[in-house]
Amino acid sequence: MVEPISQEQFSALKRNAVLSNGLRLAYVEMGDPDGVPILLLHGFTDSARSWSLAAPYLATGFRVVAPDLRGHGHSDKPEGCYTIPEMATDVRFLIETLGLVPTHVVGHSLGGRLAQAVAERWPRLVRKIVLLSTSAALRERRGWLWETIQMLRDPIDPECAFIREWCAGKPPVDENFLAHARRESAALPSRIWHSIYYEQLAYDPSPLLQDISAPTLILRGEEDMIATEEHQAQMLEAIAGAELISLPGHGHNLHWEDPERVAGLVRTFLERP
């Protein structure tokens with residue numbers, strides 16, 4: 001029987017690591033300190049909290065580490081350097097600093113792009129990767145999301161319509177969790193919203209997919225309008241041996257919407273020889 005963790009308990013687990021590039025990343029660690037490590041990478045504007053609902057189901061027998069990425073949560077927020085390669089280098093340094101080599105890497109959305117980048121550049125660091133609600137597509141500078149993010153100015157209201165839509169799920173999600181998630185996303189300075197989103201628009205990861213040698217699982221909610229069916233087909237074709245599981249009735253934040261089921265699918269894949 002897995003006991004869920006409260007949002008307050010999860011917050012209390014935060015600690016800090018200073019990387020070899022001088023950056024300070026906050027992170028949460030759970031589970032067996034001697035277990036095989038799983039690194040959980042959150043999505044754009046989230047934090048380690050993004051994994052608070054699913055992490056308890058992964059912690060038994062594994063060493064689970066969930067960082068706040070550069071610019072997010074309680075980690076350092078430098079003025080610049082929010083490119084995918086720069087943020088992936090932070091992940092590499094965290095893996096080395098915490099002695100996680102080699103580790104499973106599970107990434108949601110932006111975190112999935114970083115998981116791809118780490119697996120492409122430093123295969124020795126990685127056992128298996130799981131890509132949730134992510135893509136390797138070059139983004140376009142148009143549409144509702146681009147226009148809305150361009151208009152964001154500080155302070156951002158955590159209860160405004162955009163943030164409420166941004167931090168949501170297709171099936172109902174625990175409201176206490178969502179309230180914390182909205183506050184943390186709104187606390188992200190608008191300059192970081194702008195910078196990270198722009199850098200994702202400017203970065204084309206698709207040519208490097210063929211360099212991923214780690215066993216790969218792709219997970220997607222069938223109602224996800226951000227990581228589309230076309231995006232998943234592109235990754236599935238390019239990454240040798242990749243597997244795809246689509247969950248009907250789920251959206252972009254499927255690990256919030258059904259944390260036990262998603263964690264179970266991840267565990268099954270990671271535990272398989």
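On a predicted model such as this, the values are computed, not experimentally measured, just so you know. For reference, positions follow the sequence shown, starting with 1.
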Determine, stepwise, if the pair Leu152 / Tyr197 fulfils side-chain contact (heavy atoms from CB on, under 4.5 Å). CA-CA 12 Å; Leu152 286 176; Tyr197 196 72; over 6 Å; no

Taking atom CD of Glu237 as the centre, report whether more than 12 heavy atoms of other residues, nucleotides or ligands fall under 6.0 Å from it. no

Any sub-3.5 Å donor-acceptor pair from Thr89's side-chain atoms to Pro85's backbone N or O? yes

Looking at every non-hydrogen atom in both residues, tell me the closest pair between Ala54 and Ala263 and how far apart they are. O-CB, 3.8 Å

Do Ile239 and Leu131 have side-chain heavy atoms sitting under 4.5 Å apart? yes

Using 0.5 Å steps for rounding, measure from the CG atom of Leu219 to the CG atom of Leu254. 6.0 Å

With the threshold set at 4.0 Å, does a side-chain nitrogen-carboxylate oxygen contact exist between Glu120 and Arg92? no

With a 4.5 Å heavy-atom cut-off, do Ile95 and Val126 have their side chains touching? no

Can you label the angle between the Phe44 ring and the His72 ring as parallel, tilted or perpendicular, going by 30° and 60°? perpendicular

Atom pair NE2 (His108) and OG (Ser133), whose distance is rounded to the nearest 0.5 Å: 4.0 Å

Is there side-chain contact between Pro56 and Glu3, with at least one heavy-atom pair below 4.5 Å? no

Less than 4.5 Å apart, side chain to side chain, heavy atoms only: is that true for Leu39 and Leu100? yes

Walk me through whether Gln234 and Ser135 qualify under side chain to side chain donor-acceptor pair (under 3.5 Å). CA-CA 8 Å; Gln234 177 196 23; Ser135 75; over 6 Å; no

Are Val266 and Leu53 linked, directly or through intermediate hydrophobic residues, by side-chain heavy-atom contacts shorter than 4.5 Å (ILVMFWY only)? no

Gap between atom OH of Tyr203 and atom CD of Glu86 - 0.5 Å precision: 12.5 Å

Spell out, as yes or no, whether a donor-acceptor pair under 3.5 Å connects the side chain of Ser185 to the backbone of Thr45. yes

side-chain contact (heavy atoms from CB on, under 4.5 Å) between Gln200 and Leu110: does it pass, once the steps are laid out? CA-CA 8 Å; Gln200 288 195 78; Leu110 168 63; 4.0 Å; yes

For Cys81, does its backbone N or O pair with a side-chain atom of Arg70 as donor and acceptor, under 3.5 Å? yes

What pair of heavy atoms forms the shortest contact from Cys167 to Ala181, and how long is it? SG-O, 3.8 Å

Can a donor-acceptor pair be found, under 3.5 Å and without considering hydrogens, that links the side chain of His231 to the backbone of Thr228? yes

Which heavy atom of Ala168 sits nearest to which heavy atom of Glu165, and what is that distance? CB-O, 3.6 Å

With a 4.0 Å cut-off on N to O distance, would you call Glu229 and Arg220 a salt bridge? no

Does Glu159, at its CD atom, have more than 12 non-hydrogen atoms belonging to other residues, nucleotides or ligands within less than 6.0 Å? yes

When rounded to the nearest 0.5 Å, the distance separating OG of Ser52 from CG of Leu13 is 10.5 Å

Could you check whether any side-chain N or O of Ser195 sits under 3.5 Å from a backbone N or O of Arg191, counting only pairs where one atom can act as donor and the other as acceptor? no

Going by the side chain to side chain donor-acceptor pair (under 3.5 Å) test, name the single residue among His74, Arg49, His42 that passes it with Glu184. Arg49

Do the non-hydrogen side-chain atoms of Val64 and Trp51 ever get within less than 4.5 Å of each other? no

Under 3.5 Å: donor-acceptor pair, side chain of Tyr82, backbone of Pro78: yes

Would Leu247 and Leu265 count as a side-chain contact (heavy atoms from CB on, under 4.5 Å) here? Give the steps. CA-CA 11 Å; Leu247 301 183; Leu265 292 171; 3.9 Å; yes

Do Ile156 and Ile196 share a hydrophobic cluster (ILVMFWY, side-chain heavy atoms under 4.5 Å, transitive)? yes

Leu132, Met235: one ILVMFWY side-chain cluster at the under-4.5 Å cut-off? no

Between Lys128 and Arg272, is there a donor-acceptor pair closer than 3.5 Å when you use the side chain of the first and the backbone of the second? yes

Do side-chain atoms of Arg127 reach the backbone of Pro102 as a donor and acceptor pair under 3.5 angstrom? yes

Is Val91 reachable from Met87 through a run of hydrophobic residues whose side-chain heavy atoms are each under 4.5 Å from the next? yes

If you look at every heavy atom in Val65 and Pro67, which pair is closest and at what distance? O-CD, 3.9 Å

How far apart are the closest heavy atoms of Leu40 and Ala55, and which atoms are they? CD1-CB, 4.3 Å

Nearest 0.5 Å please: distance from the CG atom of Leu41 over to the CG atom of Asp68. 11.5 Å

Does any non-hydrogen side-chain atom of Asn253 lie less than 4.5 Å from one of Val173? no

Ser6 versus Gln9, side-chain donor and acceptor atoms under 3.5 Å: yes

Check Thr148 against Phe162 and note the closest heavy-atom contact, atom names and distance. CG2-CD1, 3.5 Å

Just how far is it from atom CD of Glu257 to atom CG of Asp174, taken to the nearest 0.5 Å? 13.0 Å

Step-by-step side-chain contact (heavy atoms from CB on, under 4.5 Å) determination, Leu114 to Leu69: CA-CA 10 Å; Leu114 299 180; Leu69 298 172; 3.6 Å; yes

Heavy atoms, side chains only, cut-off 4.5 Å: are Pro189 and Lys77 in contact? yes

Got a salt bridge between Arg267 and Glu260, using NZ or NE/NH1/NH2 to carboxylate O under 4.0 Å? no

Answer yes or no: is there a donor N or O on one side and an acceptor on the other, between the side chain of Ser75 and the main chain of Ala26, under 3.5 Å? yes

May I ask whether Leu94 and Phe62 are part of the same hydrophobic cluster, defined by side-chain heavy atoms of I, L, V, M, F, W, Y residues being less than 4.5 angstrom apart, directly or through others? no

Donor-acceptor contact present, side-chain His252 to main-chain Trp166, <3.5 Å: no

Is any side-chain heavy atom of Leu208 less than 4.5 Å from a side-chain heavy atom of Gln116? no

